[in-house]
Novice: 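The structure under discussion is supplied below as structure tokens; questions concerning it will follow.
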Amino acid sequence: MKLLSYTYQGRPGWGAVAPSPDGRSTHVVDLGARLPYGSVMALLAGGEEAMARARAALGEATQPDHALDALVLDLPVPQPRKILCIGVNYAHRNAEYKDGSDLPRYPSIFMRVPGSFVGHGSALLQPHESQQLDYEGEIAIIIGRGGRRIPQADALEHIAGVTCANEGTVRDWVHHAKFNVTQGKNFQASGAMGPWLVTADEFPQGYGGLRVQTRVNGETRQDDTTARLMFDFAYLIHYCSTFTALEPGDVIVTGTPTGAGIRFDPPRFLRPGDVVEVEVSGVGTLRNAVEAEA
């Protein structure tokens, strides 16, 4: 299933993507109106029984409720409790720093607040304080079953699904302090996530060969696969759950490949009017335009 959260005529809702009758457009079945779960977060917390009910309700729907383009999309799981972001997780990115360092023994991790992300189709905001808004196309894991100290061998069973992410960064603000990047990673509406969560059952072969591409105004800037991750999905879940209890709806953003704007000479930062697309195989394409913050 492709699960999504949205606003329709000013009212929040959630549902799943359904094939349209004509096969040429995307429609949505309102699962919130059919099931006793008030949100995607509540659905995930309901475990496998709730997911089975959602699949059954989607299959029984005789017609969709909304056209996708009539909805304002939110994050697939609005207001997740935790968003953990992994830095420098593709091996070639470590070399990008040109500091002669060895490959890391453990993941680099920082956290983001939900308000630093917008949904598919909403504007990325270039703040007044900087001209260095950058893109980072990534794959995000959504946790379905929570836990603490999750064994690596069992970790993939805790994934509800995956989505696309643009882990947008205000570059000069990540250097304001000596030991953290929090400021530059949390500007309001600097990143995006979506358009939907594709459930784990849609990936029977696992996650080892997912491809992530980032395009700016149609030009491919990033292109890599999860086969080249230094720390794969199972290890990230195991490692993160060692120091914090993971909960349904939590997000782990798994790292960006080479090719972010800061790495060009001269750098190629985003400007108002630019369009950023992040495409993940098996998921779809997250698309957002850039606007100057009002």
Side-chain angles (χ1 to χ4, degrees), residues 2 4-10 12 17 24-28 66-80 83 85 112-140 162-174 184-198 211-223 251 253 256-257 259-264 266-281 283-294:
K2 294 178 178 177
L4 71 172
S5 301
Y6 57 82
T7 299
Y8 177 68
Q9 295 183 348
V17 174
R24 295 191 296 271
S25 56
T26 302
H27 284 71
V28 172
H66 308 297
L68 183 66
D69 58 12
L71 307 176
V72 177
L73 297 192
D74 203 335
L75 309 190
V77 180
Q79 297 297 314
I83 303 174
C85 300
R112 289 187 67 141
V113 297
S116 67
F117 288 98
V118 297
H120 171 82
S122 293
L124 302 170
L125 297 183
Q126 182 188 64
H128 306 304
E129 294 82 2
S130 176
Q131 297 295 307
Q132 295 190 14
L133 177 63
D134 204 352
Y135 55 87
E136 293 191 13
E138 310 196 21
I139 301 169
V162 298
T163 190
C164 310
N166 175 9
E167 206 267 295
T169 303
V170 178
R171 292 294 178 190
D172 46 350
W173 278 66
V174 300
K185 292 291 189 176
N186 280 282
F187 266 82
Q188 194 76 7
S190 57
M193 204 179 297
W196 38 64
L197 178 167
V198 179
R211 183 182 185 186
V212 56
Q213 298 174 283
T214 307
R215 296 181 291 273
V216 179
N217 301 328
E219 176 191 8
T220 299
R221 300 276 185 89
Q222 297 179 291
D223 189 352
V251 182
V253 188
T256 197
I262 186 65
R263 299 302 167 189
F264 287 87
R268 303 174 69 180
F269 297 119
L270 298 172
R271 294 289 180 260
D274 287 345
V275 175
V276 184
E277 295 175 304
V278 178
E279 182 176 357
V280 175
S281 56
V283 179
T285 301
L286 169 68
R287 185 179 189 275
N288 302 86
V290 180
E291 295 181 2
E293 187 172 3

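Along the sequence shown, residues are numbered consecutively beginning with 1. Hydrogens, waters and symmetry mates are skipped; everything else that's a heavy atom, side chains included, is used.
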Novice: Nearest heavy-atom pair of Leu270 and Gln126: which atoms, and what distance?
Specialist: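 Reported closest heavy-atom pair: O-NE2, 3.4 Å.
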Novice: My understanding is that only residues two or more places apart in sequence, or in another chain, count here; which of them pass side chain to side chain donor-acceptor pair (under 3.5 Å) with Arg211?
Specialist: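 In terms of side chain to side chain donor-acceptor pair (under 3.5 Å), with neighbours along the sequence ignored, Arg211 is linked to Asp223.
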Novice: Got a sec, which residues hit side-chain contact (heavy atoms from CB on, under 4.5 Å) with Pro80, two or more places apart in sequence or on another chain?
Specialist: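 Only Leu75, Ile83, Pro114, Val251 meet the side-chain contact (heavy atoms from CB on, under 4.5 Å) criterion with Pro80.
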Novice: For residues Lys2 and Val198, report the shortest heavy-atom separation together with the two atoms involved.
Specialist: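 Residues Lys2 and Val198, closest heavy atoms: CG-CG2, 3.9 Å.
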Novice: How about Trp196 and Leu68: do any of their side-chain heavy atoms sit closer than 4.5 Å?
Specialist: yes
Novice: Do the side chain of Thr214 and the main chain of Val212 share a donor and acceptor less than 3.5 angstrom apart?
Specialist: no
Novice: Does the plane of the ring in Tyr8 sit parallel, tilted or perpendicular to the ring in His66? Use 30° and 60° as the thresholds.
Specialist: tilted
Novice: Backbone N or O of Gly137 within a donor-acceptor pair of the Gln222 side chain at under 3.5 Å?
Specialist: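 Looks like yes, one N/O pair under 3.5 Å.
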Novice: Atom CZ of Arg271 and atom CD of Gln131: how far apart are they, to the nearest 0.5 Å?
Specialist: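 Result: 5.5 Å between the selected atoms.
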Novice: What heavy-atom pair brings Cys164 and Val280 nearest, and what distance separates the two atoms?
Specialist: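 Looking at all heavy atoms of both residues, the closest pair is SG-CG2, 3.7 Å.
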Novice: Under the rule for salt bridge (charged side-chain N to carboxylate O under 4.0 Å, His left out), what residues qualify as partners of Asp74, not counting sequence neighbours?
Specialist: none
Novice: Suppose we screen for side chain to side chain donor-acceptor pair (under 3.5 Å). Which residues come up paired with Thr163, at least two apart in sequence or across chains?
Specialist: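 Expected list: none.
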Novice: Would you tabulate the side-chain donor-acceptor contacts of residues 287-294 under 3.5 Å, counting partners in other chains and residues two or more places apart, or write 'none'?
Specialist:
residue, atom, partner, partner atom, Å
Asn288, ND2, Gly119, O, 2.9
Asn288, ND2, Ser122, O, 2.7

Novice: Begin from the C-alpha positions of Phe269 and Asp172 and carry the test side-chain contact (heavy atoms from CB on, under 4.5 Å) through to its verdict.
Specialist: CA-CA 11 Å; Phe269 297 119; Asp172 46 350; over 6 Å; no
Novice: Using 0.5 Å steps for rounding, measure from the CH2 atom of Trp173 to the CD atom of Gln132.
Specialist: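 Answer rounded to 0.5 Å: 12.0 Å.
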Novice: I need the Gln188 CD to Ser116 OG distance, nearest 0.5 Å.
Specialist: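 These two atoms lie 7.5 Å from each other.
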Novice: With Ser5, which residues qualify under side chain to side chain donor-acceptor pair (under 3.5 Å), at least two apart?
Specialist: none
Novice: Kindly compute the distance separating OG (Ser190) from CG (Leu124), expressed to the nearest 0.5 Å.
Specialist: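 Between atom OG of Ser190 and atom CG of Leu124 there are 8.0 Å.
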Novice: List the atom of Asn166, the atom of Tyr135, and the distance in Å for their closest heavy-atom pair.
Specialist: OD1-CA, 3.5 Å
Novice: Can you check whether Glu136 reaches Lys185 side chain to side chain, under 4.5 Å on heavy atoms?
Specialist: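 In short, these two side chains touch, coming nearer than 4.5 Å.
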Novice: Would you give the length of the straight line joining atom CZ of Arg215 to atom CG of Asp274, rounded to the nearest 0.5 angstrom?
Specialist: 14.5 Å
Novice: Test the Arg112-Phe117 pair against the cation-pi criterion, namely NZ or CZ under 6.0 angstrom from the six-membered ring centroid and within 45° of the ring axis.
Specialist: yes
Novice: To the nearest 0.5 Å, what is the distance between CD1 on Ile262 and OG1 on Thr169?
Specialist: 10.0 Å
